[in-house]
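Note sheet for the following structure.
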Protein chains: 2
Amino acid sequence: MTEASEHGGAAPERAATNPGRDGTAPERATAAPGRDGAGVRDDGTGGRRNGAGDPRPGAGGPAPRVRLVDVAREAGLSKTTVSAALNGTGRLSPEIREKARETARRMGYRPNATARQLRAGRARLIGYVVGELADTPWTFLESPYFARLTGATAATALARGYAVVLLPAGSLQSEWAALPLDAVVVADPVADDRIVEDLLAARIPVFSDRSVEGRPGAHWVDVDAADAVGQVLDHVHAQGARRPVLVVPDSTTRFHREVDAAHGAWCAARGLPKLTVRAAEPGNGPVIRAVETALGGRPERPDALLVVAEASPPLVLDAARRHGYDVPGDLLLVCVSEDETAVHTQPPVTTLSLRPDAVAEAGIAHLVAVLEQGLQETGGSLVPVRLDVRASSVRPG
Amino acid sequence: MTEASEHGGAAPERAATNPGRDGTAPERATAAPGRDGAGVRDDGTGGRRNGAGDPRPGAGGPAPRVRLVDVAREAGLSKTTVSAALNGTGRLSPEIREKARETARRMGYRPNATARQLRAGRARLIGYVVGELADTPWTFLESPYFARLTGATAATALARGYAVVLLPAGSLQSEWAALPLDAVVVADPVADDRIVEDLLAARIPVFSDRSVEGRPGAHWVDVDAADAVGQVLDHVHAQGARRPVLVVPDSTTRFHREVDAAHGAWCAARGLPKLTVRAAEPGNGPVIRAVETALGGRPERPDALLVVAEASPPLVLDAARRHGYDVPGDLLLVCVSEDETAVHTQPPVTTLSLRPDAVAEAGIAHLVAVLEQGLQETGGSLVPVRLDVRASSVRPG
DNA sequence: TTGAAAGCGCTAACAC
DNA sequence: GTGTTAGCGCTTTCAA
């Protein structure tokens, strides 16, 4: 009965110091009804149903968790000593340290993460939101790009000691206010999404793409869209294409606006026609329809098709065939995609990877620097893309 | 100076009660150096760099967060009153309540989630692990089934007030021990994965598929594999198929073992040959190769192909065509898949959905019941599948 | 109706 | 080298 509930109830006027030596302390710590003294005590919410010394087999509910103080009592040591022993801090004799560890192991002690977090002032928790398609939340995971970005973000963060929680697109304060988030990653925010504003207003650091540039507290990593367009167009141009057509979703995403601008600049610089077909929205259906528009019914047929939208490479290839094209004989094909099926088609499809893994790594590295080194400037970085050339874009012969 | 640091330092022997009326309390609460009294105090880790009444503009680091006590002081009320006002608890006069709320709003107060969690004894945090493919963690998100399952789990949980954190497959205790997890969802655990044992040993409730059945603390929801096989085989049988061949990954997953058993039973009952081809592992490459094995070089060609493995429907369709089949003329095709591309092929591919959304909903509902109503029995439930019949499996004419 | 204080479980500063 | 205790920010009981 050295430690428990010495502060609890009984004599409010009693001196609060040196409780262990206070001979008048009521002797109820280990007696029934458990640690719950007769005096000042919470209801069950915050309190413990059952004292460690009072298993009370009949009483429902799971056995209470072993706390640091339980280990200390069992080992005949103080909380401090046990804490130091388990955390490897402080200067303790090896025997004491081993004894504390052994007792903890034997009792199945696991530190309370929440208490540690409160103590540390941080929860090492990062929110992760995809802002796109707020009306159909969660579908983003079905896009290979976002699937990889999500996985890479979680993996990289965890390697740095941060856990990632998934948040729904277009979520209100109420959704995440109850979470102790150290920061939030907002992938591909749409222009009118409130979430970035809400987070910044709540003083939560935001990591996103370049569209948040300039706002205090917002940091960014982005894909180099101009580099992407340049690499793709240069590649098919080198293969002899003179009428490349781009299929781009008609979205407000920053990336696609930059793609459009870079495309225009590239065509102007070479005196080639700027051929673009816009898909009404992302998704296989609209993009495939746009592909068919791009390939069919033109006086002059295109000689290269560049799909800058998530679409299934085999579906694009089939569409081209239905329109009478031989790939790569009549038509060079490049898809901006992370979709692994591109490798398995015949011919395999050339893809441009937006490097979600690299984006995630750069983003988390930046985030950790901000959170841990107190890095202030809201700078950002541009991640290069990678072109994986396969048979679909290499002119035969 | 009513509240702050009354316990701190000064006179250890002094009575701890009625501090507000203790005229001898040191007058330093609002004076420099902030709330940091001269007495007992932590270092910066747990402490606050800057007192609320001491902005100290030059001092680096972000402004300290507004705490409940800051609002209380500003409004001239007690912590209790402000807390009750903001939470809508207690019996307060409307004016006081409004005043507290107004002050909190004006000061930008946001409650500290970690402190609330500590108080509440739960963090409302659920871990989410996919056990499959421990050697290549995170790739699961690229499978449409797991992508949907993950999204649906996060969405359903959040609707119930729980957040979901992503955990890597095959993770050690060290990865999640620092997180205050109320429970963990383990999707598709492999037989030899340690994680379920570790979690149960740590007394964290586990929600998984039926393979955890019977272990105390483990709860399950599963797909009805027999129903799945029955629906698919009955369907193609009704369309006239007499030599259906199944492509199944050679995995240790419970689902696939059950599929195999149900397939055998179905064939035996009808006196039809049990034709199975095993893919060496999951993934488009191996599965497509297995499909080609199934379709090519047999004396008698199959008249239906049932792909019970995540594979891209357009790729499967292309493989059938390369082997000279007309779908659905010579070959009925059904894929077990959540892949949306099945709708966009020509002909569209019949799919069997394993209903990840329904699995997630059932799982989270069960989980919430266990966590909140203290439901004890480690029961489970079986989720039915859904066959979406499209042209690829309907015999023409 | 309002407020004081206990205490959730942990860490670390400080006293011994 | 070990122990005592304050306190992270919050909720809630109990007293006034």
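Letters A, B, ... are given to chains in the order of the sequence lines, protein chains preceding strands, and every chain is numbered from 1.
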- Any donor-acceptor N/O pair, R65(B) side chain to R110(B) backbone, under 3.5 Å: yes
- Query: Quick check: does any side chain N or O of K99(B) sit under 3.5 Å from a backbone N or O of A75(B), one acting as donor and the other as acceptor?
  - Reply: yes
For [X] and [N], give me the distance from atom [atom1] to atom [atom2], rounded to whole Å.
X       : N      : atom1 : atom2 : answer
L118(B) : dG7(D) : CG    : C1'   : 12 Å
K99(B)  : dT1(C) : NZ    : P     : 18 Å
R65(A)  : dC8(C) : CZ    : C1'   : 12 Å
K79(A)  : dT5(D) : NZ    : P     : 11 Å
Q117(A) : dG9(D) : CD    : C1'   : 13 Å

- Residue whose nearest DNA chain D nucleotide is more 5′ - T89(B) or G76(A): G76(A)
- Task: Could you check N87(B) against L92(A) and say which one's nearest nucleotide on DNA chain D is further toward the 5' end?
- Result: L92(A)
- Query: Could you state the interatomic distance from CG (L181(B)) to CD1 (I126(B)), rounded to the nearest 0.5 Å?
  - Reply: 9.5 Å
- Tell me yes or no: between the side chains of N112(A) and R119(A), is some donor less than 3.5 Å from an acceptor? no
- Think N112(A) has a side-chain N or O under 4.0 angstrom from the OP1 or OP2 of dC8(C)? no
- Message: Quick check on dG3(C): is either OP1 or OP2 less than 4.0 Å from any side-chain nitrogen or oxygen of T81(B)?
- Response: yes
Sugar-phosphate, base or nothing in reach of [X], heavy atoms under 4.0 Å:
X       : answer
S93(B)  : sugar-phosphate
L68(B)  : base
R116(B) : sugar-phosphate

Nearest-nucleotide pick for [X], side chain only, options being [options]:
X       : options                  : answer
R91(A)  : dG1(D), dT2(C), dG3(D)   : dG1(D)
Y109(A) : dT11(C), dC10(C), dA6(C) : dC10(C)
R119(B) : dA13(C), dC10(C), dG7(C) : dG7(C)

- Message: Which residues pass the salt bridge (Lys or Arg N to Asp or Glu O under 4.0 Å) test with E372(A), not counting sequence neighbours?
- Response: R124(A)
- If you take atom types as modelled and just measure distance, does the side chain of S78(A) reach the base of dT4(D) with a donor-acceptor pair under 3.5 Å? no
- With distance as the sole criterion, do the side chain of T80(A) and the base of dA12(C) form a donor-acceptor contact below 3.5 Å? yes
